[in-house]
Visitor: 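First the structure, then my questions, so here it is.
For clarity, every value in this text was computed on a predicted model and none was experimentally measured.
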Amino acid sequence: MDGNRALEDLKFIRKVIEETKREVVHNGKDYIFWGILVIVGMLAMYIPIKLRLHFNYFYIWVVLIPVGWLYSFYNKRKTEKNSPMTYAGKLISSVWLAAGISMTLIGFVGTLSGSITPPSINPLLSVIMGIGYMVTGKILESKWLTNVSVGWWCGALILFFVRSEMQFLLMALMMLAFQTVPGIVIYKKYKKEMENRIDR
């Protein structure tokens, strides 16, 4: 009896993993969108500073972050409509929701309250991104996705010591390498999976 139960549990775990591998690819668009959005924001801060154009850079994020959240909610609803989310898919979604809320609080509440200095924001966000990728990669059993977290943590280590406007340029490059590119890879896998399903 115990042997049968153990076998059923193993089958369930395998099913969850396989379903998750199919489900998470829908998040590729979110990775790409947020990557591009933050790159735009970082460059919108870096370039004016280099050109000695001064204004309240806080308002750049007042516009961009709500746009990102609106897109994420729209994409989530669209994804769930086309394909019911698996349990493990929900776990991954929860990880990134928690990461997103944490980063939004750090960026807005942390700076407005004075508890977090502006140069500390990017390294702290990078640490959280590393956590998100590590957990996602482990759930998916994806070594390359797990390794992306190392990129974020190494980047955070460097950003903690960069106190100039160069920090914005470095963060933009990190978003390209460790967010947008992984998103493109995930999206391509999704497209290939969809094509294979059609062929069947």
Visitor: Should S126 and F178 count as side-chain neighbours, where that means a heavy-atom distance under 4.5 Å?
Guide: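 Answer no - side chains too far apart.
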Visitor: Looking only at non-hydrogen atoms, find the nearest pair between K76 and S93 and report the distance.
Guide: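 Closest approach of K76 to S93: CE-OG, 3.5 Å.
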Visitor: Kindly indicate, with the supporting measurements, whether the criterion side chain to side chain contact (heavy atoms under 4.5 Å, CB included) is fulfilled by L125 and W152.
Guide: CA-CA 9 Å; L125 299 187; W152 279 110; over 6 Å; no
Visitor: Kindly work out whether a path of hydrophobic side-chain contacts (I/L/V/M/F/W/Y, heavy atoms less than 4.5 Å apart) joins L173 to F168.
Guide: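 Cluster IDs for L173 and F168 differ.
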Visitor: Kindly compute the distance separating CD1 (I39) from CE (M174), expressed to the nearest 0.5 Å.
Guide: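 Those atoms lie 11.5 Å apart.
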Visitor: Please round to the nearest 0.5 Å and tell me the distance separating atom CD1 of I139 and atom CD1 of I92.
Guide: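 One finds 5.0 Å between CD1 of I139 and CD1 of I92.
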Visitor: Evaluate the criterion ring pair (Phe, Tyr, Trp, His ring centres under 6.0 Å) for residue pair Y74 and W69; output intermediate values, then yes/no.
Guide: CA-CA 9 Å; Y74 162 77; W69 277 108; over 10 Å; no
Visitor: Evaluate L145 against I186 for side chain to side chain contact (heavy atoms under 4.5 Å, CB included), listing each step before the verdict.
Guide: CA-CA 10 Å; L145 204 56; I186 292 169; 4.2 Å; yes
Visitor: Taking all non-hydrogen atoms of both residues, which atom of S115 and which atom of S113 are closest, and how far apart?
Guide: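 Reported closest heavy-atom pair: OG-OG, 3.0 Å.
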Visitor: Look at the side-chain heavy atoms of Ile, Leu, Val, Met, Phe, Trp and Tyr, link any pair under 4.5 Å apart, and say whether L70 and W34 land in one connected group.
Guide: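 No, separate clusters.
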Visitor: Y59 versus V63: any side-chain heavy-atom pair under 4.5 Å?
Guide: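 Y59 vs V63: side chains apart.
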Visitor: Step by step, would you call F108 with I65 a side chain to side chain contact (heavy atoms under 4.5 Å, CB included)?
Guide: CA-CA 10 Å; F108 285 103; I65 298 303; 3.8 Å; yes
Visitor: Hydrophobic cluster membership, with links at side-chain heavy-atom distances under 4.5 Å among I/L/V/M/F/W/Y: are L140 and V150 in one?
Guide: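 Result: no, two separate clusters.
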Visitor: Indicate the atoms forming the closest heavy-atom contact of A99 with I128, along with that distance.
Guide: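 Smallest heavy-atom distance, with atoms named: CB-CG2, 3.7 Å.
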Visitor: Within the 4.5 Å heavy-atom criterion, are P182 and W144 side-chain neighbours or not?
Guide: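 Of all side-chain heavy-atom pairs linking W144 with P182, at least one is under 4.5 Å.
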Visitor: Would you mind writing out the side-chain donor-acceptor pairs for residues 43-56 within the sub-3.5 Å range, not counting sequence neighbours?
Guide:
| residue | atom | partner | partner atom | Å |
| --- | --- | --- | --- | --- |
| N56 | OD1 | F58 | N | 3.1 |

Visitor: With rounding to the nearest 0.5 angstrom, report the CG to CD1 distance, L170 to I158.
Guide: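 Here the rounded value is 7.0 Å.
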Visitor: If you take all heavy atoms of T111 and I121, which pair is closest and at what distance?
Guide: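 Taking every non-hydrogen atom into account, CG2-CD1, 2.9 Å.
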Visitor: Check whether any side-chain heavy atom of I184 sits under 4.5 Å from a side-chain heavy atom of Y31, and report yes or no.
Guide: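 They are not in contact (no side-chain heavy atoms under 4.5 Å apart), so the answer is no.
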Visitor: Quick check for you: to the nearest 0.5 Å, what is the distance between Q179 atom CD and M129 atom CE?
Guide: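 Interatomic distance, Q179 CD to M129 CE, rounded to 0.5 Å: 3.5 Å.
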Visitor: Looking at CE of M166 and CG of L169, how far apart are the two atoms once the value is rounded to the nearest 0.5 Å?
Guide: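 The CE atom of M166 sits 5.0 Å away from the CG atom of L169.
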Visitor: For V127 and W153, which heavy atoms make the closest approach, and how far apart are they?
Guide: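 Minimum heavy-atom contact is O-NE1, 3.1 Å.
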Visitor: Minimum heavy-atom separation for S149 and M134, please, with both atom names.
Guide: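 Nearest heavy atoms, S149 then M134: OG-CE, 3.5 Å.
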Visitor: How long is the gap from OG1 on T180 to CE on M175, to the nearest 0.5 Å?
Guide: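 Nearest 0.5 Å value for the OG1-CE distance: 6.0 Å.
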Visitor: Could you go through F160 and L124, starting from their C-alpha distance and side-chain angles, then the distance that decides it, and tell me whether this counts as side chain to side chain contact (heavy atoms under 4.5 Å, CB included)?
Guide: CA-CA 8 Å; F160 273 121; L124 289 174; 4.2 Å; yes
Visitor: Does any part of the side chain of W61, heavy atoms only, come nearer than 4.5 Å to the side chain of T104, both counted from C-beta?
Guide: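 No - every pair of side-chain heavy atoms lies 4.5 Å or more apart.
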